[in-house]
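All values below come from the heavy atoms of this structure, side chains included, with hydrogens, waters and symmetry mates left out. Numbered from 1 within each chain, the chains take letters A, B, ... in sequence-line order. All of these numbers come straight from a predicted model, not from anything done at the bench.
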2 protein chains.
Amino acid sequence: MFIEIEPDSTVPIYLQLAQQIIEGVAKGTLKPGDSLPSVRSFAADLGMNMHTVNKAYHYLEEKEFIQIVQKKGVVIHEKGVRKATATDRQRLTKEMRPILAEALCLQLSQEDIELLVKEIILDLKEVK
Amino acid sequence: MFIEIEPDSTVPIYLQLAQQIIEGVAKGTLKPGDSLPSVRSFAADLGMNMHTVNKAYHYLEEKEFIQIVQKKGVVIHEKGVRKATATDRQRLTKEMRPILAEALCLQLSQEDIELLVKEIILDLKEVK
DNA sequence: AAAACTGTTCTACTAAGAATAGAACAAAGG
DNA sequence: CCTTTGTTCTATTCTTAGTAGAACAGTTTT
(Lines give C-alpha, C1' and ligand atoms only; values in the text may rest on other atoms or scores of the structure.)
Protein backbone atom coordinates (compact mmCIF):
# COMPACT_ATOMS: atom_id res chain seq x y z
CA MET A 1 0.00 0.00 0.00
CA PHE A 2 1.32 3.39 -1.03
CA ILE A 3 -0.18 5.97 1.26
CA GLU A 4 0.37 9.67 0.83
CA ILE A 5 -0.84 11.93 3.61
CA GLU A 6 -1.14 15.69 3.29
CA PRO A 7 -0.59 17.00 6.81
CA ASP A 8 -1.91 20.48 6.01
CA SER A 9 -5.13 19.28 4.39
CA THR A 10 -8.47 20.19 5.94
CA VAL A 11 -9.31 16.51 5.60
CA PRO A 12 -8.41 14.72 8.85
CA ILE A 13 -5.46 12.35 8.67
CA TYR A 14 -7.49 9.32 9.70
CA LEU A 15 -9.96 10.05 6.90
CA GLN A 16 -7.24 10.47 4.29
CA LEU A 17 -5.87 7.10 5.33
CA ALA A 18 -9.28 5.44 5.21
CA GLN A 19 -10.07 6.95 1.80
CA GLN A 20 -6.83 5.72 0.31
CA ILE A 21 -7.48 2.23 1.60
CA ILE A 22 -10.90 2.43 -0.04
CA GLU A 23 -9.18 3.47 -3.26
CA GLY A 24 -6.97 0.42 -2.93
CA VAL A 25 -10.05 -1.78 -2.74
CA ALA A 26 -11.64 0.02 -5.70
CA LYS A 27 -8.51 -0.50 -7.80
CA GLY A 28 -8.14 -4.11 -6.77
CA THR A 29 -4.73 -3.48 -5.24
CA LEU A 30 -6.36 -4.68 -2.06
CA LYS A 31 -8.33 -7.87 -2.57
CA PRO A 32 -10.88 -9.58 -0.34
CA GLY A 33 -9.06 -11.43 2.40
CA ASP A 34 -5.89 -9.33 2.18
CA SER A 35 -4.62 -8.33 5.57
CA LEU A 36 -3.68 -4.82 6.56
CA PRO A 37 -0.73 -3.86 8.79
CA SER A 38 -1.22 -3.74 12.53
CA VAL A 39 -2.13 -0.38 14.01
CA ARG A 40 1.33 -0.07 15.52
CA SER A 41 3.46 -0.97 12.51
CA PHE A 42 1.27 1.04 10.13
CA ALA A 43 1.48 4.05 12.38
CA ALA A 44 5.25 3.71 12.53
CA ASP A 45 5.50 3.42 8.75
CA LEU A 46 3.33 6.46 8.15
CA GLY A 47 4.81 8.50 10.96
CA MET A 48 1.56 8.92 12.78
CA ASN A 49 -0.04 7.84 16.01
CA MET A 50 -1.32 4.35 16.71
CA HIS A 51 -4.71 5.75 17.71
CA THR A 52 -5.06 7.58 14.41
CA VAL A 53 -4.68 4.35 12.45
CA ASN A 54 -7.08 2.69 14.86
CA LYS A 55 -9.64 5.39 14.16
CA ALA A 56 -9.28 4.86 10.41
CA TYR A 57 -9.76 1.11 10.85
CA HIS A 58 -12.91 1.55 12.89
CA TYR A 59 -14.23 4.03 10.36
CA LEU A 60 -13.73 1.39 7.67
CA GLU A 61 -15.23 -1.32 9.82
CA GLU A 62 -18.37 0.75 10.36
CA LYS A 63 -18.65 1.07 6.58
CA GLU A 64 -18.19 -2.71 6.35
CA PHE A 65 -15.11 -2.47 4.14
CA ILE A 66 -12.87 -4.37 6.51
CA GLN A 67 -13.18 -6.91 9.29
CA ILE A 68 -11.35 -6.46 12.55
CA VAL A 69 -10.70 -9.81 14.15
CA GLN A 70 -10.19 -9.42 17.86
CA LYS A 71 -6.55 -9.72 18.90
CA LYS A 72 -5.60 -11.09 15.49
CA GLY A 73 -5.60 -8.47 12.81
CA VAL A 74 -7.37 -6.47 10.15
CA VAL A 75 -8.56 -7.99 6.89
CA ILE A 76 -10.32 -6.67 3.79
CA HIS A 77 -13.86 -7.98 3.94
CA GLU A 78 -13.99 -11.50 2.61
CA LYS A 79 -16.34 -12.27 -0.26
CA GLY A 80 -15.83 -8.61 -1.26
CA VAL A 81 -17.58 -5.51 -0.05
CA ARG A 82 -21.37 -5.61 0.12
CA LYS A 83 -23.53 -4.17 -2.64
CA ALA A 84 -24.84 -0.63 -2.33
CA THR A 85 -28.21 -0.27 -0.63
CA ALA A 86 -30.74 2.45 -1.33
CA THR A 87 -29.40 4.25 1.72
CA ASP A 88 -25.89 4.10 0.30
CA ARG A 89 -27.00 5.62 -2.98
CA GLN A 90 -28.85 8.33 -1.10
CA ARG A 91 -25.76 9.16 0.93
CA LEU A 92 -23.47 9.17 -2.09
CA THR A 93 -25.92 11.47 -3.86
CA LYS A 94 -25.94 13.83 -0.92
CA GLU A 95 -22.16 13.95 -0.84
CA MET A 96 -21.89 14.48 -4.58
CA ARG A 97 -24.55 17.16 -4.85
CA PRO A 98 -22.71 20.25 -3.52
CA ILE A 99 -19.67 19.45 -5.65
CA LEU A 100 -21.74 19.15 -8.81
CA ALA A 101 -23.62 22.33 -7.96
CA GLU A 102 -20.34 24.17 -7.72
CA ALA A 103 -19.19 22.70 -11.02
CA LEU A 104 -22.35 23.96 -12.72
CA CYS A 105 -21.83 27.42 -11.25
CA LEU A 106 -18.34 27.48 -12.69
CA GLN A 107 -19.95 27.06 -16.10
CA LEU A 108 -18.96 23.47 -16.62
CA SER A 109 -21.43 21.82 -18.97
CA GLN A 110 -23.10 18.52 -18.23
CA GLU A 111 -20.76 16.96 -20.79
CA ASP A 112 -17.71 18.49 -19.11
CA ILE A 113 -18.75 17.07 -15.76
CA GLU A 114 -19.53 13.63 -17.16
CA LEU A 115 -16.13 13.58 -18.83
CA LEU A 116 -14.51 14.54 -15.54
CA VAL A 117 -16.31 11.70 -13.78
CA LYS A 118 -15.27 9.22 -16.46
CA GLU A 119 -11.65 10.26 -16.11
CA ILE A 120 -11.71 9.81 -12.36
CA ILE A 121 -13.30 6.37 -12.63
CA LEU A 122 -10.78 5.36 -15.29
CA ASP A 123 -7.96 6.46 -13.04
CA LEU A 124 -9.46 4.56 -10.12
CA LYS A 125 -9.67 1.40 -12.18
CA GLU A 126 -6.16 1.32 -13.54
CA VAL A 127 -3.73 -0.53 -11.33
CA LYS A 128 -0.50 1.38 -10.94
CA MET B 1 -34.46 31.42 -0.86
CA PHE B 2 -35.56 28.25 0.81
CA ILE B 3 -32.85 27.12 3.16
CA GLU B 4 -32.99 23.90 5.12
CA ILE B 5 -30.36 23.36 7.76
CA GLU B 6 -29.69 20.03 9.43
CA PRO B 7 -28.42 20.91 12.90
CA ASP B 8 -27.12 17.41 13.61
CA SER B 9 -25.17 17.07 10.38
CA THR B 10 -21.41 16.68 10.47
CA VAL B 11 -21.35 19.43 7.86
CA PRO B 12 -20.92 22.80 9.60
CA ILE B 13 -23.95 25.10 9.54
CA TYR B 14 -22.13 27.88 7.71
CA LEU B 15 -21.11 25.40 5.00
CA GLN B 16 -24.61 24.03 4.60
CA LEU B 17 -25.83 27.57 4.12
CA ALA B 18 -23.12 28.40 1.59
CA GLN B 19 -23.74 25.19 -0.35
CA GLN B 20 -27.45 25.87 -0.63
CA ILE B 21 -26.78 29.37 -1.90
CA ILE B 22 -24.46 27.82 -4.50
CA GLU B 23 -27.29 25.46 -5.44
CA GLY B 24 -29.51 28.49 -5.88
CA VAL B 25 -27.02 29.97 -8.31
CA ALA B 26 -26.69 26.66 -10.16
CA LYS B 27 -30.47 26.41 -10.52
CA GLY B 28 -30.86 29.99 -11.60
CA THR B 29 -33.08 30.77 -8.62
CA LEU B 30 -30.38 33.28 -7.74
CA LYS B 31 -29.32 35.36 -10.71
CA PRO B 32 -26.31 37.62 -11.19
CA GLY B 33 -26.96 40.91 -9.45
CA ASP B 34 -29.55 39.49 -7.05
CA SER B 35 -29.01 40.68 -3.51
CA LEU B 36 -28.90 38.43 -0.47
CA PRO B 37 -30.36 39.26 2.95
CA SER B 38 -28.25 41.11 5.47
CA VAL B 39 -26.28 39.01 7.91
CA ARG B 40 -28.60 40.06 10.71
CA SER B 41 -31.97 39.45 9.05
CA PHE B 42 -30.82 36.21 7.45
CA ALA B 43 -29.55 34.98 10.79
CA ALA B 44 -32.86 35.86 12.41
CA ASP B 45 -34.82 34.07 9.68
CA LEU B 46 -32.72 30.94 9.95
CA GLY B 47 -32.46 30.98 13.72
CA MET B 48 -28.71 31.16 13.76
CA ASN B 49 -26.01 33.59 14.73
CA MET B 50 -25.07 36.67 12.74
CA HIS B 51 -21.44 35.59 12.67
CA THR B 52 -22.34 32.23 11.19
CA VAL B 53 -24.05 33.88 8.22
CA ASN B 54 -21.09 36.22 7.93
CA LYS B 55 -18.78 33.25 7.75
CA ALA B 56 -20.85 31.70 4.98
CA TYR B 57 -20.76 34.97 3.03
CA HIS B 58 -17.00 35.26 3.29
CA TYR B 59 -16.63 31.66 2.26
CA LEU B 60 -18.66 32.45 -0.87
CA GLU B 61 -16.74 35.67 -1.47
CA GLU B 62 -13.45 33.78 -1.38
CA LYS B 63 -14.86 31.45 -4.01
CA GLU B 64 -15.90 34.51 -6.02
CA PHE B 65 -19.58 33.56 -6.06
CA ILE B 66 -20.75 36.75 -4.41
CA GLN B 67 -19.60 40.30 -3.95
CA ILE B 68 -19.68 41.94 -0.55
CA VAL B 69 -20.01 45.68 -0.93
CA GLN B 70 -18.77 47.40 2.19
CA LYS B 71 -21.55 48.71 4.37
CA LYS B 72 -24.11 48.16 1.61
CA GLY B 73 -24.92 44.54 1.11
CA VAL B 74 -24.25 41.21 -0.48
CA VAL B 75 -24.89 40.56 -4.16
CA ILE B 76 -24.54 37.53 -6.44
CA HIS B 77 -21.53 38.18 -8.62
CA GLU B 78 -22.53 40.38 -11.54
CA LYS B 79 -21.81 39.12 -15.05
CA GLY B 80 -22.21 35.64 -13.55
CA VAL B 81 -19.69 33.46 -11.80
CA ARG B 82 -16.29 33.08 -13.45
CA LYS B 83 -15.41 30.09 -15.61
CA ALA B 84 -13.61 27.13 -14.06
CA THR B 85 -9.83 27.28 -14.18
CA ALA B 86 -7.54 24.29 -14.35
CA THR B 87 -7.09 24.63 -10.60
CA ASP B 88 -10.85 24.50 -10.11
CA ARG B 89 -11.12 21.31 -12.12
CA GLN B 90 -8.28 19.81 -10.15
CA ARG B 91 -9.96 20.66 -6.87
CA LEU B 92 -13.34 19.35 -7.97
CA THR B 93 -11.65 16.13 -9.09
CA LYS B 94 -9.98 15.78 -5.74
CA GLU B 95 -13.27 16.25 -3.91
CA MET B 96 -15.10 13.83 -6.17
CA ARG B 97 -12.50 11.08 -6.10
CA PRO B 98 -13.08 9.49 -2.66
CA ILE B 99 -16.84 9.44 -3.23
CA LEU B 100 -16.47 7.69 -6.57
CA ALA B 101 -13.97 5.25 -5.09
CA GLU B 102 -16.51 4.31 -2.45
CA ALA B 103 -19.20 3.90 -5.08
CA LEU B 104 -17.01 1.49 -7.03
CA CYS B 105 -16.31 -0.50 -3.88
CA LEU B 106 -20.03 -0.83 -3.30
CA GLN B 107 -20.19 -2.57 -6.66
CA LEU B 108 -21.81 0.27 -8.54
CA SER B 109 -20.90 0.01 -12.20
CA GLN B 110 -19.57 2.92 -14.22
CA GLU B 111 -22.99 3.16 -15.85
CA ASP B 112 -24.72 3.24 -12.45
CA ILE B 113 -22.50 6.07 -11.31
CA GLU B 114 -22.93 8.07 -14.49
CA LEU B 115 -26.68 7.69 -14.20
CA LEU B 116 -26.50 8.89 -10.61
CA VAL B 117 -24.53 11.95 -11.68
CA LYS B 118 -26.99 12.69 -14.47
CA GLU B 119 -29.90 12.53 -12.04
CA ILE B 120 -28.23 14.94 -9.64
CA ILE B 121 -27.43 17.40 -12.41
CA LEU B 122 -30.97 17.16 -13.73
CA ASP B 123 -32.32 17.88 -10.27
CA LEU B 124 -29.96 20.82 -9.88
CA LYS B 125 -31.12 22.29 -13.16
CA GLU B 126 -34.83 22.11 -12.60
CA VAL B 127 -36.24 25.21 -10.94
CA LYS B 128 -38.63 24.29 -8.21
C1' DA C 1 -30.72 65.88 10.37
C1' DA C 2 -32.12 61.74 12.64
C1' DA C 3 -32.88 56.94 12.59
C1' DA C 4 -32.30 52.53 10.87
C1' DC C 5 -29.41 49.42 8.63
C1' DT C 6 -25.09 47.76 6.51
C1' DG C 7 -20.74 44.76 6.99
C1' DT C 8 -16.71 44.74 10.13
C1' DT C 9 -14.07 44.03 14.12
C1' DC C 10 -13.15 42.88 18.79
C1' DT C 11 -13.25 40.10 22.92
C1' DA C 12 -15.19 36.14 25.23
C1' DC C 13 -16.83 31.75 26.13
C1' DT C 14 -18.41 26.91 25.34
C1' DA C 15 -18.32 22.64 22.93
C1' DA C 16 -16.54 19.22 20.04
C1' DG C 17 -13.17 17.00 17.10
C1' DA C 18 -8.48 15.76 15.85
C1' DA C 19 -4.06 14.19 17.15
C1' DT C 20 -0.64 12.81 20.16
C1' DA C 21 1.12 10.21 24.22
C1' DG C 22 1.77 6.56 27.51
C1' DA C 23 0.23 2.86 30.03
C1' DA C 24 -2.08 -1.41 30.80
C1' DC C 25 -5.00 -5.49 29.56
C1' DA C 26 -6.32 -10.07 27.57
C1' DA C 27 -5.93 -13.15 23.93
C1' DA C 28 -3.64 -15.21 19.96
C1' DG C 29 0.74 -16.90 17.77
C1' DG C 30 5.22 -18.54 17.29
C1' DC D 1 7.71 -17.67 27.38
C1' DC D 2 7.64 -13.82 24.78
C1' DT D 3 5.97 -11.05 21.18
C1' DT D 4 2.18 -9.14 18.83
C1' DT D 5 -2.61 -8.23 18.42
C1' DG D 6 -6.59 -4.85 19.07
C1' DT D 7 -8.67 -2.51 23.04
C1' DT D 8 -9.27 0.67 26.66
C1' DC D 9 -8.15 4.32 29.77
C1' DT D 10 -6.54 8.90 31.10
C1' DA D 11 -4.39 13.20 29.62
C1' DT D 12 -3.01 17.00 27.11
C1' DT D 13 -2.78 20.25 23.18
C1' DC D 14 -4.67 22.49 19.25
C1' DT D 15 -8.12 23.89 16.09
C1' DT D 16 -12.71 24.72 14.49
C1' DA D 17 -17.54 25.81 15.05
C1' DG D 18 -20.98 28.39 17.12
C1' DT D 19 -22.88 31.73 20.01
C1' DA D 20 -22.87 36.28 22.28
C1' DG D 21 -22.57 41.20 22.89
C1' DA D 22 -20.68 45.41 22.00
C1' DA D 23 -18.91 49.02 19.21
C1' DC D 24 -17.54 51.34 14.78
C1' DA D 25 -18.04 53.67 10.33
C1' DG D 26 -20.31 54.25 6.54
C1' DT D 27 -25.02 53.89 3.67
C1' DT D 28 -29.79 54.30 3.12
C1' DT D 29 -34.16 55.69 4.38
C1' DT D 30 -37.36 58.53 6.55
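Within the 4.0 Å cut-off from OP1 or OP2 of C:dC5, not a single side-chain nitrogen or oxygen of B:S41 is found.
If you measure from atom NE2 of A:H51 to atom P of D:dT5, you get 15 Å, rounded to the nearest angstrom. B:H58 has its NE2 atom 9 Å from the P atom of C:dG7, to the nearest Å. Rounded to whole angstrom, the span from the CD atom of B:E6 across to the P atom of D:dG18 amounts to 13 Å. One can place CG of A:N54 at 9 Å from P of D:dT8, the figure rounded to the nearest angstrom. Between the CG atom of B:L46 and the P atom of D:dG18 there is a distance of 13 Å, given to the nearest Å. The nearest whole Å value for the distance from the NZ atom in B:K55 to the C1' atom in D:dT16 is 6 Å. The CG-P distance, from B:L36 to C:dT6, rounds to 13 Å in whole Å.
Near-neighbour residues of DNA chain C inside residues 60-74 of chain B, defined by a heavy atom below 4.0 Å, number-ordered: B:I68, B:Q70, B:K71, B:K72, B:G73, B:V74.
Side-chain contact of A:N49 with A:T52: a donor-acceptor pair under 3.5 Å is absent, judged by distance alone. A:Q16 and A:Q20 share no donor-acceptor pair across their side chains, judged by distance under 3.5 Å alone.
A salt bridge does not link B:D88 to B:K83: none of the charged nitrogens lies less than 4.0 Å from a carboxylate oxygen.
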Practice item. Check step by step if salt bridge (Lys or Arg N to Asp or Glu O under 4.0 Å) holds for A:K94 and B:E6. Key: CA-CA 13 Å; A:K94 209 168 185 175; B:E6 297 179 26; 2.9 Å; yes

